[in-house]
Protein chains: 2
Amino acid sequence: MTDETAPRATTARRVGIADVAARAGVSVGTVSKALNGSGRLRDETRARVRAVADELGFTPISVARSLLAGRTFTVGIITTDSYGRFGIPVMRGAEDSLAAGEMIAFLCDGRDDPIREQHHLGKLLERRVDGIIVAGRRTDPRRPIGADLPVPVVYAFAPSSDPADCSVVSDERGAAQLAVEHLVKTGRRRIAHITGPQSHASANERAAGLADALAAHDLELVGDPYFGSWTEAWGRFAAAQLLRTHEDVDGVFCGSDVIARGVTDGLREAGLSLPTQVGVVGVDNWGLVAEAARPPLTTVDLGLEEIGRLSAELLLDAINGHAQPGVHVVPGHLVVRES
Amino acid sequence: MTDETAPRATTARRVGIADVAARAGVSVGTVSKALNGSGRLRDETRARVRAVADELGFTPISVARSLLAGRTFTVGIITTDSYGRFGIPVMRGAEDSLAAGEMIAFLCDGRDDPIREQHHLGKLLERRVDGIIVAGRRTDPRRPIGADLPVPVVYAFAPSSDPADCSVVSDERGAAQLAVEHLVKTGRRRIAHITGPQSHASANERAAGLADALAAHDLELVGDPYFGSWTEAWGRFAAAQLLRTHEDVDGVFCGSDVIARGVTDGLREAGLSLPTQVGVVGVDNWGLVAEAARPPLTTVDLGLEEIGRLSAELLLDAINGHAQPGVHVVPGHLVVRES
DNA sequence: AGTACGAATGTGAGCGTTCACATTTTGCCT
DNA sequence: AGGCAAAATGTGAACGCTCACATTCGTACT
């Protein structure tokens, strides 16, 4: 028993591979092999070294390893929406996949400002991240974050405008189709559409998907799509407007849960009973909104976490040399509640 | 002009300090000095080296620097609420302060699972983060994440149960006081309280703060506090309940915006006109909820971003050897809307 | 007993920086 | 012109680890 045992007051401080080697009576190379399971070593030695490492609370400094390996086992996530409604689930999904690959993520908030974004990009490259995920907040294609970067990039939710980049997006048209199928299955035939501003790609695509899906059932949209804003107030207003000209409507597909909540309130306040007289379907599956609506909203979940997961997986693949460029579409699914 | 200029197809790849030195015709040490602005160097040399570095697109590999410096200029943020309502603003604030200190954050989602949390802690320590921020989602004190860790830790929002740790929390009692002041100033005298479950520290503290603030104005709470859940449904239900026994109530302080929204709906549906007959104040300043309520909610903003900012600043201080243990309280502020 | 060969372990270079110190250059004074 | 100090630059070690290769050890075969 050496005097080493006595005064180790501080935990996990400054224990290097050399300390372990000395204590175990072997060389540093042997310790490295023992701990990484590489090379040829007697089982007894391996076990002894491991035991000593545990005892000393040794953790290898990954930074030293990175320097040698030429990679850092980190990725950067740049989000444009300050960790908002869309970025968060994507991030969560991405973190899931990354953890599985022993990677960890740096987080940067771009705040939708190209200058900030470039600044963060520079910082990330300086830290030699192995790859970058760019998470957007709108489905409209965005300018690539940089040309000819030294690391792979995956665009999540908001695809890159360059089709040669790797992007993962939600299935906007499919969402409309799921909604229509549900409405039709529950007996609705006179279906209207209340959605966000026409300047948003998602509003247009959902509207287009809706038209197609209705056509497939030999149905026609009731009135024109009501384009407005992504707010409850607009949903309420549009619902009232809709009833004025089309009082026989029996289903409404809404561009988002927030709008749908406004629509349910508008319809209810106009004296209709839900879901008996009118069925309402939203998009987003935003728990807080969907569950607080009266009645709780049936809605299309766009699979944002899955987008995050797939983005991270594609990024890991690209880092390992198997890039899969192009646009990858993640299907959504219907969450049936009472509306 | 050497032949170097011609075929540099790939950008920013593998340019080391040695390349810059060679091209500039100086030694690596000189390049280091020139780029870091340290040591004594002729201005001309400094400028020339800088120019060459730019031309070659040289960025120092921070990992090499870290190895030498013994620190990584990174911190870890462990959040317990999967980037939810409370964690997000805190993170955003923290990122702000960190960026100012040339630091960057690793993000880990603990999912309120101690096992996951410990696992992430291990990963962070392995990467030799310079410090850790633990962001909670409830104001109840939490068990410290580890004892005798080799790096400083700051607890944000959810304080550590060990008072010797450094925690940054919101001013729960102050929030109640701000609410009362607003209600009284707008002429309310008969004030009730509808809030979340009694098992949450924040519900209790806000209720206690409310009692104190009312007493300071020689007022008494109308009825007992209505403890329930943090939901709209509870708010609606409790509002109806309240009117049944105390129809002369003219102000309600709600434990959260979500509850407040339910309360406004409940009061309105009972035939009262807001804000004429009853004033309502919430807590959280959750834009989506507060703005969608009818009328838009006056509410107390707990200053979550500021909590994040201060947490990061305290952490940076601690990293620099100026730890400031104890509980730091961040004041909130009132956001006046129409309710 | 001597050799040879495979298994186990040791050794040292090197990853890309920074820093302390050694060395060279410059400018100035006598 | 010679000498000297200060300014400018070069040099090499070090950070903590991994890897390729060198060395040692043990065992079985001739």
Side-chain angles (χ1 to χ4, degrees), chain A residues 12-53 56-74 102 123 125-130 150, chain B residues 12-53 56-74 102 123 125-130 150:
Chain A
R13 262 230 183 271
R14 310 269 98 141
V15 208
I17 198 173
D19 301 317
V20 179
R23 185 73 109 84
V26 294
S27 74
V28 288
T30 305
V31 174
S32 175
K33 276 184 232 171
L35 262 33
N36 297 316
S38 57
R40 322 184 69 84
L41 237 52
R42 223 183 326 160
D43 286 349
E44 188 271 329
T45 313
R46 213 178 279 274
R48 181 162 42 93
V49 170
R50 287 223 167 101
V52 172
L56 260 46
F58 167 75
T59 34
I61 292 195
S62 67
V63 117
R65 183 180 296 177
S66 295
L67 182 56
L68 199 54
R71 50 175 297 198
T72 53
F73 297 91
T74 57
E102 293 290 293
K123 291 286 173 210
L125 292 177
E126 186 173 320
R127 289 182 185 268
R128 291 297 190 276
V129 293
D130 296 337
Chain B
R13 259 229 183 273
R14 311 272 92 145
V15 211
I17 199 172
D19 301 317
V20 179
R23 184 73 111 82
V26 295
S27 73
V28 289
T30 306
V31 175
S32 175
K33 276 184 232 171
L35 263 31
N36 297 317
S38 57
R40 321 184 68 84
L41 239 50
R42 224 180 324 163
D43 286 350
E44 188 269 331
T45 313
R46 216 177 276 275
R48 183 160 44 91
V49 171
R50 288 224 167 100
V52 172
L56 260 44
F58 167 76
T59 33
I61 292 195
S62 66
V63 117
R65 180 179 301 179
S66 297
L67 181 56
L68 197 56
R71 51 176 296 200
T72 53
F73 296 93
T74 56
E102 293 289 294
K123 291 286 172 205
L125 292 177
E126 186 171 321
R127 291 185 184 265
R128 290 299 190 279
V129 292
D130 297 337

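Throughout, protein chains are lettered first and strands after them, A, B, ... in sequence-line order, and every chain is numbered starting at 1.
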Close side-chain approach of [X] and [Y], heavy atoms under 4.5 Å:
X: L35(A); Y: R50(A); value: yes
X: R48(A); Y: T45(A); value: yes
X: V20(A); Y: R23(A); value: no
X: N36(A); Y: R65(A); value: yes

Value in whole Å for how far the [atom2] atom of [N] lies from [atom1] of [X]:
X: E44(A); N: dG26(D); atom1: CD; atom2: P; value: 13 Å
X: L67(A); N: dT18(C); atom1: CG; atom2: C1'; value: 13 Å
X: L125(B); N: dG16(D); atom1: CG; atom2: P; value: 17 Å
X: I61(A); N: dT17(C); atom1: CD1; atom2: P; value: 19 Å
X: L41(B); N: dA7(D); atom1: CG; atom2: C1'; value: 10 Å
X: I17(B); N: dC19(C); atom1: CD1; atom2: C1'; value: 12 Å
X: R71(B); N: dT18(C); atom1: CZ; atom2: C1'; value: 15 Å
X: R46(B); N: dT9(D); atom1: CZ; atom2: P; value: 9 Å

(message) Check the phosphate of dT18(C) against R65(B), side-chain N and O only, distance under 4.0 Å to OP1 or OP2. Yes or no?
(response) yes

(message) Is there a side-chain contact between R42(A) and the phosphate of dT9(C), meaning an N or O under 4.0 Å from OP1 or OP2?
(response) yes

(message) Can you identify which nucleotide, out of dA8(C), dC17(D), dG16(C), has its nearest atom closest to the P60(A) side chain?
(response) dC17(D)

(request) Please figure out whether L68(B) or D43(A) has its closest DNA chain C nucleotide nearer the 5' end. (result) D43(A)

Residue pair [X] / [Y]: nearest heavy atoms and the distance that separates them:
X: V15(B); Y: G57(B); result: CG2-O, 4.2 Å
X: R46(B); Y: K33(B); result: NH1-O, 3.5 Å
X: V28(A); Y: A21(A); result: N-CB, 3.7 Å

(request) Under 4.0 Å between any heavy atoms, over every strand shown, what does T45(A) touch: base, sugar-phosphate, or nothing? Just pick one. (result) sugar-phosphate

(request) Output yes when a side-chain donor or acceptor of R128(A) lies under 3.5 Å from a complementary backbone atom of L125(A), and no otherwise. (result) yes

(message) Give the residues of residues 26-35 of chain A touching DNA chain C, defined as any heavy atom closer than 4.0 Å, sorted by residue number.
(response) V26(A), S27(A), G29(A), T30(A), K33(A)

(request) Pull out every stem in DNA chain C, meaning runs of 3 or more consecutive Watson-Crick or G-U wobble pairs with both distances under 3.5 Å. (result) C:1-30 with D:1-30

(message) Nearest 0.5 Å, please: how far is CG in D43(B) from CG in L41(B)?
(response) 8.5 Å

